[in-house]
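Read through the structure below, which is laid out as structure tokens, and then see the notes.
Keep in mind that what you see is a predicted model, and the values were worked out from it rather than measured. FYI, side chains are in, hydrogens and waters are out, and symmetry mates aren't considered; it's all heavy atoms of this structure.
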Amino acid sequence: MERRNTRAVKVGRVKIGGDNPISIQSMTNTDTKDIDLTLRQVLELEEAGCDIVRLAIYDEECIETIKVIKRHTDIPLVADIHFDYRLAIKSIDAGIDKLRINPGNIGSAKNVERVIDAASERKVPIRIGVNSGSLKKDILYKYGNTPKALGESALEHVKILEDLGYEEIVISLKSSDVIKTIEAYSYIADRVSYPLHIGVTEAGTLLEGAIKSSIGIGHLLIKGIGDTLRVSLT
């Protein structure tokens, strides 16, 4: 198998892309504000061989959990943030290794610049995560809910970061439809050299989700597409 040639970004102790091994990610399903429970799950994931762990950061109380986890392990942590640029900055200050945030969804250009300034100072990569269930109306009007719509939506967010001179970027294009997922990643892979985080989102229950994820992720890996991956069950 010949892997797609991508640039590499550093997420804590793990490098994504380039000729680095494909990294395995997971996400906690705890309430992030429950420090003990979330820490325990992160440590269990690390023990199981997980390379990177994502946390839902939805208010300021979650920031303390990042600080505590960082005192107990150096496994790279990703802050999953929606809309609130202030949580992104506070997560960076707390030691987060990567952000999952879409620059087009956090308000004004000034807000984006504030996040980029903080991320640049700490060399924190940003994962642009586009989901077929939350595409903007103008994208849907122009392309429909198609693989191209996913790709073009991601490229919009990428341009915002590139225009600010920031290229520490990872991209994901998620759909619960296996074929749409494969076609969307194939579309973006032909247009950018950024590393890709692959997976079939909300793939289903344990058996159904394992089958759909194996087909989607396996197909992409055979095509040489994918630098880091996560299996997402409903």
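Residues Lys90 and Ile96 form no side-chain contact, since every pair of their non-hydrogen atoms from C-beta on lies 4.5 Å or further apart. When side chains are defined from C-beta on, His197 does not count as touching Ile16, because their heavy atoms never get closer than 4.5 Å. Between Asp177 and Ser132 the shortest side-chain heavy-atom distance does not fall below 4.5 Å. Contact check for Leu99 versus Val115: side-chain heavy atoms found under the 4.5 Å cut-off. Side-chain atoms of Pro125 and Lys10, non-hydrogen and from C-beta on, never get closer than 4.5 Å to each other. Looking only at side-chain heavy atoms (C-beta outward), Leu229 and Leu221 come within less than 4.5 Å of each other. Leu55 places a side-chain heavy atom less than 4.5 Å from the side chain of Val42. With a 4.5 Å cut-off on side-chain heavy atoms, Met27 and Arg100 do not count as touching.
Glu152 has no carboxylate O lying under 4.0 Å from a charged side-chain N of Lys142, or vice versa, which leaves the two without a salt bridge. Ionic pairing of Asp227 and Arg3 is present here: one or more N-O contacts between side-chain nitrogen and carboxylate oxygen are shorter than 4.0 angstrom. With respect to Arg4 and Asp190, no salt bridge is recorded, no charged nitrogen being found less than 4.0 Å from a carboxylate O.
The distance from atom CD1 of Ile139 to atom NZ of Lys148, rounded to the nearest 0.5 Å, is 10.5 Å. Separating the CD1 atom in Ile128 from the CG atom in Leu196 is a distance of 11.0 Å, to the nearest 0.5 Å. Here Glu64 contributes atom CD and Thr38 contributes atom OG1; the two are 12.5 Å apart, rounded to the nearest 0.5 Å. Taking NZ of Lys110 as the start and OH of Tyr85 as the end, the distance is 10.0 Å to the nearest 0.5 Å. Between Asn102 atom CG and His82 atom NE2 the span is 8.0 Å, to the nearest 0.5 Å. Atom CZ in Arg122 sits 11.5 Å away from atom CD1 in Ile89 (nearest 0.5 Å).
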Acceptor/donor pairs from residues 164-174 side chains to any protein atom, 3.5 angstrom cut, sequence neighbours excluded:
| unit_1 | atom_1 | unit_2 | atom_2 | d |
| --- | --- | --- | --- | --- |
| Tyr166 | OH | Val124 | O | 2.5 |
| Glu167 | OE1 | Arg7 | NH1 | 2.9 |
| Ser172 | OG | Arg127 | NH1 | 2.5 |

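In the displayed structure, Lys70 atom NZ is contacted under 6.0 Å by more than 12 heavy atoms of other residues, nucleotides or ligands. Atom CG of Asn5 is surrounded by 12 or fewer heavy atoms from other residues, nucleotides or ligands within 6.0 Å. Within a 6.0 Å radius of CZ in Arg86, other residues, nucleotides and ligands contribute 12 heavy atoms or fewer.
Under the 3.5 Å distance criterion, the side-chain polar atoms of Asp51 are matched with a main-chain donor or acceptor of Ile24. Between the Asp97 side chain and the Leu77 main chain, a donor and an acceptor come within less than 3.5 Å of each other. Listed for the Ser214 side chain is a donor-acceptor partner under 3.5 Å among the backbone atoms of Ala210. Asp117 places no side-chain N or O within 3.5 Å of a backbone atom of Arg114 that could act as its donor or acceptor partner. No donor-acceptor distance shorter than 3.5 angstrom exists from the side chain of Thr6 to the backbone of Ser193, with no hydrogens or angles considered.
No side-chain donor from either of Thr28 and Gln41 sits under 3.5 Å from a side-chain acceptor of the other. A donor atom on one side chain and an acceptor atom on the other are found under 3.5 Å apart for Asn145 and Lys180. In summary, the side chains of Thr65 and Thr32 do not present any donor paired with an acceptor at a separation below 3.5 Å, with no hydrogens or angles considered.
Among residues two or more places apart in sequence or in another chain, the side chain to side chain donor-acceptor pair (under 3.5 Å) test is passed with Ser23 by Thr228.
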